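Heads up, the thing below is written out as structure tokens.
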There are 2 protein chains.
Amino acid sequence: MEDLTEMLKGTLEGCVLEIINAEETYGWAITRRLNDLGFTDVIDGTVYTILLRLERNKLVQVTKRPSEVGPPRKFYSLNDAGRAELATFWAKWQYVSSRIDRLKEGGR
Amino acid sequence: MEDLTEMLKGTLEGCVLEIINAEETYGWAITRRLNDLGFTDVIDGTVYTILLRLERNKLVQVTKRPSEVGPPRKFYSLNDAGRAELATFWAKWQYVSSRIDRLKEGGR
DNA sequence: ACCGGTATTCGGTGTTACCGTATACCGGTA
DNA sequence: TACCGGTATACGGTAACACCGAATACCGGT
């Protein structure tokens with residue numbers, strides 16, 4: 001599936017939040033995870049801008065750790081604000097997706 | 001539900017396409033339909049820019065008709081290109097939403 | 001000494017939803 | 001007649017977002 005970019009707006013950040021919530025992880029691994037999930041066209045740069053935003057908005061805790069295979073990695077984990085943000089993201093997602101599905105089914 | 005704006009990016013146009021597909025209609029009525037669907041914060045101006053975009057991209061046929069209660073209405077209906085666009089929209093939606101749901105369920 | 005894979009950063013771009021405002025037409029009311 | 005509220009379209013500007021390209025950095029193997 002190609003050119004999903006517009007449809008991912010507003011959801012990609014939530015996805016990254018969920019991935020971090022599942023496990024403390026870092027930028028490059030998050031990109032791979034998204035690719036594996038089916039979002040094959042999501043690129044490093046996109047994820048890093050999201051990560052920077054999350055950090056700026058104080059939704060994550062960041063720990064820099066050396067890597068054995070390259071430059072140091074910045075590991076991200078959610079703080080309380082991040083978990084709250086994730087919860088509202090899922091609430092919005094449920095709301096929006098259920099309503100769009102209803103429209104799709106010719107819903108009134 | 002408030003502040004859905006970011007999440008609607010990329011989907012709102014598809015919703016408008018679907019509404020027009022169901023029935024030849026006009027801007028103000030489309031806005032009302034979206035509000036009824038649960039997208040209460042979507043405003044006239046937003047819908048008109050989408051309509052203008054659809055027209056510019058030659059996805060709709062436009063017919064101006066007089067109204068009994070106000071200025072003339074611009075009625076929109078889909079042409080072949082519009083129906084094709086709608087089909088790809090739903091395909092993308094199915095793809096994206098299923099994958100996000102999978103992520104939500106702790107999917108691998 | 002070089003190269004490929006891993007990893008982060010940053011400046012710039014295009015698309016999008018939203019907002020405010022202006023314009024237009026009609027019916028009712030004072 | 002003059003005004004106002006509801007219906008309807010149009011438009012310029014803004015902020016947020018995903019994306020792109022290029023630069024930088026570190027390591028292991030050849």
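Keep in mind the model is a prediction, meaning the values are calculated, not measured. Each chain gets a letter, A, B and so on, in the order its sequence line appears, and its residues count up from 1.
Other residues, nucleotides and ligands place no more than 12 heavy atoms under 6.0 Å from the CD atom of A:Gln94.
A straight line from CD1 of B:Ile43 to P of D:dA15 spans 19 Å, rounded to a whole angstrom. Rounded to whole Å, the distance from CZ on A:Arg56 to C1' on D:dA16 is 10 Å. Going from atom CG of A:Leu54 over to atom P of C:dT9 covers 13 Å, rounded to whole Å. Taking atom CG of residue A:Leu12 and atom C1' of nucleotide C:dT16, one finds them 16 Å apart after rounding to whole Å. Between A:Leu4 atom CG and D:dA18 atom P there is a gap of 13 Å when expressed in whole angstrom units. Regarding B:Asp41, its CG atom lies at a distance of 7 Å from the P atom of C:dC19, rounded to whole Å. Residue A:Leu51 contributes atom CG, which lies 14 Å from atom C1' of D:dA18 at whole-angstrom precision. Across the protein-nucleic acid pair, A:Asp44 atom CG and C:dC10 atom P stand 15 Å apart, rounded to whole Å.
Taking for each of A:Gly10 and A:Pro72 the nucleotide of DNA chain D with the nearest heavy atom, the 5'-most of the two is the partner of A:Gly10. Between A:Trp28 and B:Glu6, the residue whose closest nucleotide on DNA chain C is further toward the 5' end is A:Trp28. If you find the closest nucleotide of DNA chain C to A:Arg73 and to A:Leu52, the one lying nearer the 5' end belongs to A:Arg73.
Contact check, B:Tyr48 against D:dT9: a side-chain N or O comes under 4.0 Å of OP1 or OP2. Under 4.0 angstrom from either OP1 or OP2 of D:dA16 there lies no side-chain N or O belonging to A:Arg53. Within the structure, every side-chain polar atom (N or O) of A:Arg32 is placed at least 4.0 Å from both OP1 and OP2 of C:dA7. Here B:Lys74 reaches the OP1 or OP2 of D:dA10: one of its side-chain N or O atoms lies under 4.0 Å away. Side-chain nitrogen and oxygen atoms of A:Thr46 include none within less than 4.0 Å of the OP1 or OP2 phosphate oxygen of D:dA18.
Look at A:Glu6 and B:Lys92 and you find no salt bridge, because none of the NZ, NE, NH1 or NH2 atoms lies under 4.0 Å from a carboxylate O. With respect to the salt-bridge test (charged N to carboxylate O, under 4.0 angstrom), the residues A:Arg33 and A:Glu23 do not qualify. Between B:Asp101 and B:Lys104, no side-chain nitrogen of the basic residue sits less than 4.0 Å from a carboxylate oxygen of the acidic one, so the salt-bridge criterion is not met.
For C:dT15, its base sits under 3.5 Å from the side chain of A:Lys9 at one donor and acceptor pair at least.
No contact: A:Arg65 has no heavy atom under 4.0 Å from any strand. Nucleic acid contact class of A:Ile50 (heavy atoms, under 4.0 Å, all strands): sugar-phosphate only. Counting non-hydrogen atoms under 4.0 angstrom, B:Thr5 reaches the backbone sugars and phosphates but no base.
Of the candidate nucleotides C:dT8, D:dT7, D:dT9, D:dT9 has the atom nearest to the side chain of B:Tyr26.
In this structure, A:Arg73 fails the cation-pi test against A:Phe75, since its NZ or CZ atom is not both closer than 6.0 Å to the six-membered ring centre and inside 45 degrees of the ring normal.
Under the side-chain hydrogen bond (donor to acceptor under 3.5 Å, both in side chains) criterion, no residue pair touches residues 34-50 of chain B, with sequence neighbours excluded.
Remark: D:dG29 base-pairs with C:dC2; criterion is Watson-Crick or G-U wobble with both hydrogen-bond distances under 3.5 Å. Of all nucleotides present, only D:dT1 satisfies the Watson-Crick or G-U wobble test against C:dA30, with each distance under 3.5 Å.
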